[in-house]
Amino acid sequence: MLSSSVKHDVFQAIADPTRREVLRLLAVKELPISEIASHFPISRTAIVKHLHILSEAELVNGRKVGREKLYRLQPEPLKELKDWLSFYEQFWNNKLSMLKHVVENEAEHGLDLIETKFAKQDK
């Protein structure tokens, strides 16, 4: 179990689907805890814990407005994730290039087979 002195990083923060959904909500607009919690089938306390982790990773920032605390997205730390993922894009791009090649070749050969079949029927 993590101690309270351990700070969460971006990767840990986005590992949980609830936190990813919170980030998506906050990407649209600044929201109070009560409105964030209304989107989930979990307690307000659980949402506060998720917001704490997102805050530690510097992905969200909270500010007091009257009696409410409003949270907003701070997307800058997501650049670390983008940079990490960009290395792996070469593998995705390679697979897409290979798929394109296979599809184009099958389409070309398939057309040849159709033309051959019709040519035989014409005779």
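Nothing here was measured: the structure is a model prediction, and the numbers come from that model. Sequence positions, counted from 1, serve as the residue numbers for this chain.
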Please tabulate, for the side chains in residues 74-81, all donor-acceptor contacts under 3.5 angstrom to protein atoms that are two or more places apart in sequence or on a different chain.
from  : atom 1 : to    : atom 2 : distance (Å)
Gln74 : OE1    : Asn61 : ND2    : 3.3
Gln74 : NE2    : Glu58 : O      : 3.1
Lys79 : NZ     : Asp83 : OD1    : 3.1
Lys79 : NZ     : Asp83 : OD2    : 3.0

**Request:** Report the residues that fulfil ring pair (Phe, Tyr, Trp, His ring centres under 6.0 Å) with Phe11, sequence neighbours left out, ordered by chain and then residue number.
**Result:** Trp84
**Message:** Assigning hydrophobic clusters by single linkage (Ile, Leu, Val, Met, Phe, Trp, Tyr; side-chain heavy-atom cutoff under 4.5 Å), is Ile14 placed with Tyr88?
**Reply:** yes
**Message:** Let me confirm one number: the CG-CZ distance from Leu26 to Arg19, rounded to the nearest 0.5 Å.
**Reply:** 13.5 Å
**Request:** Mind listing the closest non-hydrogen atom pair of Ala13 and Ile53 along with its distance?
**Result:** CA-CG2, 4.0 Å
**Request:** Using atom types as modelled and distance alone, determine if a side-chain donor or acceptor of Glu30 lies under 3.5 Å from a backbone N or O of Leu70.
**Result:** no
**Complete:** Glu35 and His39 have their tightest heavy-atom pair at O-CD2, 3.0 Å
**Request:** Please round to the nearest 0.5 Å and tell me the distance separating atom CD1 of Ile42 and atom NZ of Lys49.
**Result:** 10.5 Å
**Item:** Distance, nearest 0.5 Å, that separates OH of Tyr71 from CD1 of Ile47
**Value:** 11.0 Å
**Prompt:** Can you tell me if Glu21 uses its side chain to pair, donor with acceptor, with the backbone of Thr18 under 3.5 Å?
**Reply:** no
**Item:** Heavy-atom pair with the smallest gap, counting every atom of Arg44 and Ala37
**Value:** CA-CB, 4.3 Å
**Complete:** Nearest heavy-atom contact between Arg67 and Lys64 is O-NZ, 4.0 Å
**Asked** Could you give the distance from CG (Leu23) to CG (Leu73), rounded to the nearest 0.5 Å?
**Response** 6.0 Å
**Message:** Is there a path of hydrophobic side-chain contacts, each under 4.5 Å between heavy atoms of I/L/V/M/F/W/Y residues, joining Val48 to Val65?
**Reply:** no
